[in-house]
Amino acid sequence: MKRDWGLVLIPRIAALFIWSLYATLRVRFHGAEVIDDFDAKGQKYVIPFWHGHLLLMVYSRFKKPMTVMMSKHRDGELIARTVAHFGVDAARGSTTRGGLAALREMLKIASRGENLAFTPDGPKGPARVLQIGVVLAAQKSGSPIIPAVVVSEKKKFFRPGIDSRFRILSLA
């Protein structure tokens, strides 16, 4: 069987890039006390975040273990292997392929007391339009939804268009 070196190397390089990027940023968490309160009480939750915010979401304040739904396509496999470097598991499926099976798997995971994460705008979009999976997971697991987002601010000493400060927000 031929080995796909892209599936081996790309996630390692991507994880190294994310670690390096994070090390160069001044990150502030806003609203993290909501997640901290749930963690202190041992309560599980569902975190949705848009596809466009995926890059630094592995640094949002959540209790591990965490499982996120990822597509079954090759790009989903690359992302799943990348986030594994940060202690995040993946259930494989999406709105277009295997979503119901992945949702069932995530509900089993939630029944063990683990937290869930979704990119609720689906792999094919439309961007920032909520798909039903995150709501179903929250309803069936009895977990509240705590949305999260990554935003950035520009600093004067950088070139225009280069972001230098990120905020990871958890909104309740």
**Report entry** Chi angles and distances behind the side-chain contact (heavy atoms from CB on, under 4.5 Å) call for Lys140, Leu103
**Finding:** CA-CA 10 Å; Lys140 300 283 187 188; Leu103 183 59; over 6 Å; no
**Report entry** Side chain Arg81, main chain Pro11, donor-acceptor under 3.5 Å
**Finding:** no
Report task. Give a yes or no on whether the backbone of Asp121 and the side-chain of Thr119 come within a donor-acceptor separation of less than 3.5 Å. Result -> no
Requested in this report: Just do the side-chain contact (heavy atoms from CB on, under 4.5 Å) check on Val58 and Tyr22 with the steps written out, would you?
Outcome: CA-CA 10 Å; Val58 292; Tyr22 185 77; over 6 Å; no
Report task. Measure the OG1-CD1 distance between Thr67 and Ile109 for me, rounded to the nearest 0.5 Å. Result -> 4.0 Å
Report task. Would you check if Phe49 and Pro120 make a side-chain contact, meaning some heavy-atom pair closer than 4.5 Å? Result -> no
Query - Result of checking Val68, Asp89, Leu136, Leu116 against Met106 for side-chain contact (heavy atoms from CB on, under 4.5 Å) - result: Leu116
Query - Flag side-chain contact, heavy atom, 4.5 Å: Phe29 against Ile35 - result: no
Requested in this report: Find out whether Asn115 and Val46 are in side-chain contact, i.e. whether some heavy atom of one side chain is under 4.5 Å from a heavy atom of the other.
Outcome: no
Report task. Only counting residues at least two apart or in another chain, list the ones meeting ring pair (Phe, Tyr, Trp, His ring centres under 6.0 Å) with Phe17. Result -> none
Report task. Write down the atom of Thr82, the atom of Phe86, and the distance for their closest heavy-atom approach. Result -> O-CD1, 3.5 Å
Requested in this report: Flag yes if Leu78 and Leu56 sit in one hydrophobic cluster, no otherwise; membership is Ile, Leu, Val, Met, Phe, Trp, Tyr, and two members link when side-chain heavy atoms are under 4.5 Å apart.
Outcome: no
Query raised in the report: When you look at Glu77 and Arg92, which way does the salt bridge (charged side-chain N to carboxylate O under 4.0 Å, His left out) test go after all the steps?
Result: CA-CA 8 Å; Glu77 181 65 23; Arg92 303 305 301 278; 2.3 Å; yes
Query raised in the report: Under the salt bridge (Lys or Arg N to Asp or Glu O under 4.0 Å) test, which residues partner Arg74, sequence neighbours left out?
Result: Asp4
**Report entry** Heavy-atom check, side chain of Phe38 versus side chain of Ile146, under 4.5 Å
**Finding:** yes
Requested in this report: Over 60° means perpendicular and under 30° means parallel, so classify the ring planes of His85 and Trp19, tilted if in between.
Outcome: perpendicular
Query raised in the report: Quick one: CH2 on Trp50 to CE on Met57, what's the gap to the nearest 0.5 Å?
Result: 12.0 Å
Query - Pairwise distance CD1(Ile18) to CG(Leu21) - rounded to 0.5 angstrom - result: 8.0 Å
Query raised in the report: What's the spacing between Ile79 CD1 and His73 NE2 if we round to 0.5 Å?
Result: 11.5 Å
Requested in this report: Answer with yes or no whether the hydrophobic clustering places Met66 together with Leu55; edges join I, L, V, M, F, W, Y residues whose side-chain heavy atoms lie under 4.5 Å apart.
Outcome: yes
Query raised in the report: Distance from Leu9 atom CG to Leu16 atom CG, nearest 0.5 Å?
Result: 12.0 Å
Report task. Mind checking side chain to side chain donor-acceptor pair (under 3.5 Å) for Ser143 and listing every partner two or more places apart, or none if nothing turns up? Result -> Ser141
Query - Lys44 NZ to Glu114 CD distance, which is reported to the nearest 0.5 Å - result: 11.0 Å
Query raised in the report: Given Phe118, which of Val134, Ile145, Leu130, Val135 fulfils the side-chain contact (heavy atoms from CB on, under 4.5 Å) condition?
Result: Val134
Requested in this report: Could you tell me which non-hydrogen atom of Gly99 sits nearest to which non-hydrogen atom of Met69, and how far apart they are?
Outcome: O-CE, 4.0 Å
